[in-house]
Protein chains: 2
Amino acid sequence: MNTAVAPEMPRFPVSVTVDLVIFTVRGDALQVLLVERGKAPFLGRSALPGGYVRPDEGLDGAALRELREETGLDGRTLHLAQLGAYGDPGRDPRGRVITVAYLALGPDLPVPVAGTDAADAVWVPADRALDPGFGLSFDHGRILADAVESARSQLEYTTVAVSFCREPFTISDLRRVYEVIWGIALDPSNFRRKVTRTAGFVEPTGERRAAEAGRPAALYRFGGARELYPPLLRSGDVAGQARVGPRRPG
Amino acid sequence: MNTAVAPEMPRFPVSVTVDLVIFTVRGDALQVLLVERGKAPFLGRSALPGGYVRPDEGLDGAALRELREETGLDGRTLHLAQLGAYGDPGRDPRGRVITVAYLALGPDLPVPVAGTDAADAVWVPADRALDPGFGLSFDHGRILADAVESARSQLEYTTVAVSFCREPFTISDLRRVYEVIWGIALDPSNFRRKVTRTAGFVEPTGERRAAEAGRPAALYRFGGARELYPPLLRSGDVAGQARVGPRRPG
DNA sequence: CTTCATTATGGTCAGTTTGACTAGAAAAGT
DNA sequence: ACTTTTCTAGTCAAACTGACCATAATGAAG
């Protein structure tokens with residue numbers, strides 16, 4: 001036995017990488033952190049940050065390390081979870097590369113620091129990056145699309161939306177997360193009722209914050225609950241268009 | 001450049017496998033298909049069916065192939081979806097092996113045919129396989145636990161429960177799937193109301209089936225919808241043991 | 001044949017949740 | 001003082017849920 005790996009197996013050269021879909025809500029858009037590739041293939045094109053898994057680290061560990069290297073952020077303060085594995089042959093022209101995609105959610109992060117591979121990293125609105133003309137590298141377009149759908153779905157059934165808000169936050173901050181990611185307008189009053197009456201979602205700090213305009217808003221912090229029960233469903237409302245104004249069925 | 005794979009990379013020997021969590025509802029239990037390992041490591045112990053990904057196939061393709069090889073079933077007739085990737089160093093004593101787990105759901109399947117690796121494959125109740133004393137190989141216990149939780153959750157928000165029923169089926173057949181997987185008793189009347197009033201969940205065939213006892217039940221087939229809106233939440237109802245439930249205000 | 005056990009199916013009813021909407025409160029700007 | 005803006009608190013009807021009760025349709029038991 002001259003190799004430590006499954007000697008009886010049809011082994012062939014494989015590399016394993018992790019790719020990170022790092023989301024934040026900036027302004028009026030869901031934005032994703034992209035790096036410009038500094039080498040072939042896809043030199044000069046945009047890609048998700050990521051890198052090779054090392055021999056002695058697990059997948060989650062590799063994701064945490066890449067997150068820190070690319071953004072300087074501590075993954076324990078962000079919401080980081082596995083999204084899925086992507087391994088079509090031909091997804092990387094250099095050979096067989098299996099990538100495990102992770103989804104990281106965080107509050108409006110500082111402009112990222114230069115990382116290892118990252119010649120420069122920038123925030124790009126997710127829908128712009130998803131445009132076929134944008135030219136994401138590899139199959140990162142599909143990964144990003146899956147990530148957006150995963151985020152949209154998680155907002156319904158979990159409290160991850162608070163991961164996008166720096167504490168303390170207002171109910172409106174939280175509502176804006178939903179509105180931006182779902183692409184629909186939510187009734188402020190109904191949203192407040194739902195959020196404040198769901199045990200463990202948010203808890204008031206007792207303070208208020210004066211905004212640019214209007215009545216100052218009460219401040220909240222995360223309440224600790226992970227699941228949202230009952231869920232907060234994006235219901236009949238249609239996405240994409242129709243952002244302002246109350247409904248009017250008829 | 002003497003190798004086709006990322007020459008600048010810290011490459012090391014890695015194998016990529018797919019493992020299948022194949023669920024069915026038999027009798028009163030959620031059962032999982034397990035094979036007895038015919039070689040080291042874990043010789044003679046139970047394991048999830050699976051195998052190595054081949055150089056020319058994608059991950060989904062490998063899962064479909066393994067499913068066919070192990071069970072003789074066509075994956076297109078089952079519900080097959082990726083569960084996640086598991087790649088801790090040391091999860092396989094032979095070396096670094098990354099596995100991509102898939103979750104397959106199907107109606108009460110025939111006793112599986114002998115497969116390639118599978119000396120013999122058997123159905124085992126999931127909770128028995130999850131018992132630490134059962135001794136699943138590798139980290140398959142964790143994978144199975146994740147699979148059970150995924151299945152439980154998917155029942156809430158999707159129509160995958162019908163994947164466990166052979167068409168045509170009765171409402172009670174469908175209800176039994178929920179009861180077995182959630183481990184709680186559901187009110188037959190309320191369940192029927194929910195299922196039949198959710199557009200696209202089930203549609204009547206017009207026929208009836210005489211059961212062992214009681215009034216014959218109307219037969220249904222799948223309605224085509226994938227999402228379940230509004231969801232069918234596992235809340236208060238108690239059963240064998242009593243699971244969760246913020247109910248009982250008075 | 002009658003009664004019973006069993007399962008299917010339909011309906012009621014109160015409590016909860018939701019979506020649409022109205023209105024007041026608290027700030028900044030003109 | 002008035003307007004604009006945003007936050008916050010309600011109202012109301014519709015929908016949904018969970019807990020029931022009642023009836024239908026079958027086979028088995030007596």
Side-chain angles (χ1 to χ4, degrees), chain A residues 156-157 168-176 178-179 182 184-199 201-202 204-220 228-238 242 244-250, chain B residues 28 156-157 165 168-176 178-179 182 184-199 201-202 204-220 228-239 242-250:
Chain A
E156 295 189 317
Y157 309 119
F169 53 86
T170 69
I171 301 287
S172 292
D173 293 338
L174 191 59
R175 177 165 51 87
R176 203 157 293 123
Y178 278 88
E179 293 184 325
W182 283 352
I184 64 177
L186 298 175
D187 182 273
S189 183
N190 292 340
F191 182 82
R192 149 179 309 279
R193 178 180 61 191
K194 175 70 182 179
V195 166
T196 55
R197 290 196 185 169
T198 299
F201 199 170
V202 300
T205 67
E207 315 230 318
R208 323 191 127 255
R209 172 200 293 166
E212 307 162 359
R215 173 177 173 175
L219 291 172
Y220 296 81
L228 199 48
Y229 181 83
L232 179 46
L233 301 168
R234 42 177 166 163
S235 55
D237 275 315
V238 195
V244 240
R247 291 295 82 75
R248 266 292 75 191
Chain B
D28 285 356
E156 295 189 318
Y157 309 119
C165 298
F169 53 86
T170 70
I171 301 287
S172 293
D173 293 337
L174 191 59
R175 177 166 51 86
R176 203 157 294 122
Y178 279 88
E179 293 183 325
W182 283 352
I184 63 178
L186 297 175
D187 182 274
S189 182
N190 292 340
F191 181 81
R192 150 178 310 279
R193 177 180 61 191
K194 175 70 183 181
V195 165
T196 55
R197 291 195 185 169
T198 299
F201 199 169
V202 300
T205 67
E207 315 229 317
R208 323 190 128 256
R209 170 201 294 166
E212 308 161 359
R215 173 177 174 175
L219 292 172
Y220 296 82
L228 199 46
Y229 182 83
L232 180 46
L233 300 170
R234 43 176 162 164
S235 54
D237 269 315
V238 195
R243 286 184 45 77
V244 216
R247 286 297 83 73
R248 287 290 79 192

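Convention: sequence-line order gives letters A, B, ...; per-chain numbering from 1.
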Starting at atom OH of B/Tyr229, determine the distance to atom P of D/dT17, rounded to an integer number of angstrom. 11 Å
I need the CG-C1' distance between A/Leu219 and D/dC7, as an integer number of Å. 12 Å
Of the options C/dA8, D/dG18, C/dT18, whose atoms approach the side-chain atoms of B/Ala217 most closely? C/dA8
Where do A/Tyr157 and A/Leu233 come nearest, in terms of heavy atoms and distance? CE2-CD2, 3.8 Å
Please give, in whole Å, the distance from D/dT5 C1' to A/Arg176 CZ? 12 Å
Hits for ring-ring contact (aromatic ring centres under 6.0 Å, His included) against B/Tyr178, two or more places apart or cross-chain, chain-then-number order -> B/Trp182, B/Phe191
Base, sugar-phosphate, or nothing: which does A/Arg197 touch, judged by heavy atoms less than 4.0 Å apart? nothing
Using a 3.5 Å distance criterion without hydrogens, assess whether the side chain of A/Arg209 forms a donor-acceptor pair with backbone atoms of A/Pro168. yes
For residues B/Lys194 and B/Asn190, determine if any side-chain heavy atom of one lies less than 4.5 Å from a side-chain heavy atom of the other. no
Straight-line distance of B/Arg176 CZ to B/Ile171 CD1, nearest 0.5 Å: 12.0 Å
Determine: side-chain N/O of A/Lys194 to OP1/OP2 of C/dT18, distance under 4.0 Å, yes or no. yes
Looking at B/Val202, B/Asp173, B/Thr170, which hits side-chain contact (heavy atoms from CB on, under 4.5 Å) with B/Cys165? B/Asp173
Is A/Thr170 touching bases, backbone alone, or none of the nucleic acid, heavy atoms closer than 4.0 Å? nothing
Between D/dG18, C/dA8, C/dT18, which nucleotide gets closest to the side-chain atoms of B/Asn190? D/dG18
For A/Asp187 and B/Pro231, find the nucleotide of DNA chain D closest to each by heavy atoms; which residue's nucleotide sits nearer the 5' end? A/Asp187
Does B/Ser172 make a side-chain N or O approach to OP1 or OP2 of C/dT7 shorter than 4.0 Å? no
If I take atom CD1 in residue B/Ile184 and atom P in nucleotide D/dA19, what distance separates them, rounded to the nearest angstrom? 10 Å
Examine the base of C/dG11 for any acceptor or donor lying under 3.5 Å from a partner atom in the side chain of B/Arg193, and report the outcome as yes or no. no
From OH of A/Tyr178 over to P of C/dT18, roughly how many Å is that when rounded to an integer? 12 Å
I need the CZ-P distance between B/Phe191 and D/dA19, as an integer number of Å. 16 Å
Taking N and O atoms by type only, does the side chain of A/Ser189 place a donor or acceptor under 3.5 Å from a partner on the base of D/dA9? yes
Atom-pair distance (CG on A/Leu233; P on C/dT18), nearest Å: 8 Å
What nucleic acid atoms does A/Arg209 come within less than 4.0 Å of, heavy atoms only: base, sugar-phosphate, or nothing? nothing
Below 3.5 Å between N/O atoms, which protein atoms pair up with nucleotides 24-30 of chain C? Just atom names and distances, please.
| residue | atom | partner | partner atom | Å |
| --- | --- | --- | --- | --- |
| C/dG24 | N2 | A/Arg215 | NH1 | 3.1 |
| C/dA25 | O4' | A/Arg215 | NH1 | 3.4 |
| C/dA25 | N3 | A/Arg215 | NH1 | 3.4 |

A/Tyr220 OH - D/dC7 P separation (whole Å): 11 Å
At their closest point, which heavy atom of A/Pro231 faces which heavy atom of B/Pro231, and how far apart are they? CG-CG, 4.3 Å
Where is the tightest heavy-atom contact between B/Leu228 and B/Glu156, given as atom of each residue plus distance? CD2-O, 3.8 Å
